[in-house]
Amino acid sequence: MLNINKTIENGHALFALSGRLDTTTAPELDQELKISLDGVTTLTLDVKDLAYISSAGLRVLLSAQKLMNKQGKMKIRNVNETVYEIFEVTGFSDILDIERA
């Protein structure tokens, strides 16, 4: 299960994610991002309460990063040790703007 708490204000979008970002839940986040990012120049993903991320979740983050490279910037903040380890092993720690918890 994935919970998405979304706030969009003055070109800034904050998505607070909790639960699991996996094959089952990744399409939900992908859809939320696609309908929400028009006109957004700064996207922040707060993953403090994200327990797990799978390759499907990583694909959604990569897709969001590619979109935000065209219109602004994206940051992933409050990355816990479990999720950071996945970013490191996959090389995503080199391509994403990550702020550890």
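The first residue of the sequence shown is numbered 1, and numbering continues consecutively from there.
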>> Suppose the criterion is salt bridge (charged side-chain N to carboxylate O under 4.0 Å, His left out): which pairs have a residue in residues 76-101, not counting sequence neighbours?
In response: Asp46-Arg77, Lys75-Glu99, Glu81-Arg100

> Is there a path of hydrophobic side-chain contacts, each under 4.5 Å between heavy atoms of I, L, V, M, F, W or Y residues, that connects Leu61 with Leu14?
Replying inline: no

Of all heavy-atom pairs between [X] and [Y], which one has the smallest distance, and what is that distance?
X	Y	result
Phe87	Ile98	CD1-CD1, 3.4 Å
Leu58	Ile86	CD1-CG2, 4.2 Å
Ala26	Gly57	CB-N, 4.0 Å

Distance in Å, [X] [atom1] paired with [Y] [atom2], rounded so as to fall on 0.5 Å steps:
X	Y	atom1	atom2	answer
Leu96	Ile76	CG	CD1	4.5 Å
Tyr52	Leu21	OH	CG	9.5 Å
Met74	Thr41	CE	OG1	14.0 Å
Ser18	Met1	OG	CE	7.5 Å

Would you say that [X] contacts [Y] through its side chain, given a criterion of any heavy-atom pair below 4.5 Å between the two side chains?
X	Y	result
Leu50	Leu2	yes
Leu43	Phe15	yes
Ile53	Val47	no

Identify all side-chain donor-acceptor contacts of residues 62-70 below 3.5 Å with residues at least two apart in sequence or on another chain.
unit_1: Gln65; atom_1: NE2; unit_2: Asn69; atom_2: OD1; d: 2.8
unit_1: Asn69; atom_1: ND2; unit_2: Gln65; atom_2: O; d: 3.4

For residues 29-38, run the donor-acceptor check on the side chains, cut-off 3.5 Å, and write out each pair with its distance to 0.1 Å, sequence neighbours left out.
unit_1: Asp30; atom_1: OD2; unit_2: Lys34; atom_2: NZ; d: 3.1
unit_1: Glu32; atom_1: OE1; unit_2: Lys6; atom_2: NZ; d: 2.8
unit_1: Ser36; atom_1: OG; unit_2: Lys6; atom_2: NZ; d: 2.9
unit_1: Ser36; atom_1: OG; unit_2: Glu32; atom_2: O; d: 2.6

>> Please determine whether side-chain contact (heavy atoms from CB on, under 4.5 Å) holds for the pair Thr42 and Val40, giving the CA-CA distance in whole Å, both sets of side-chain angles, and the decisive distance to 0.1 Å.
In response: CA-CA 6 Å; Thr42 305; Val40 169; 5.5 Å; no

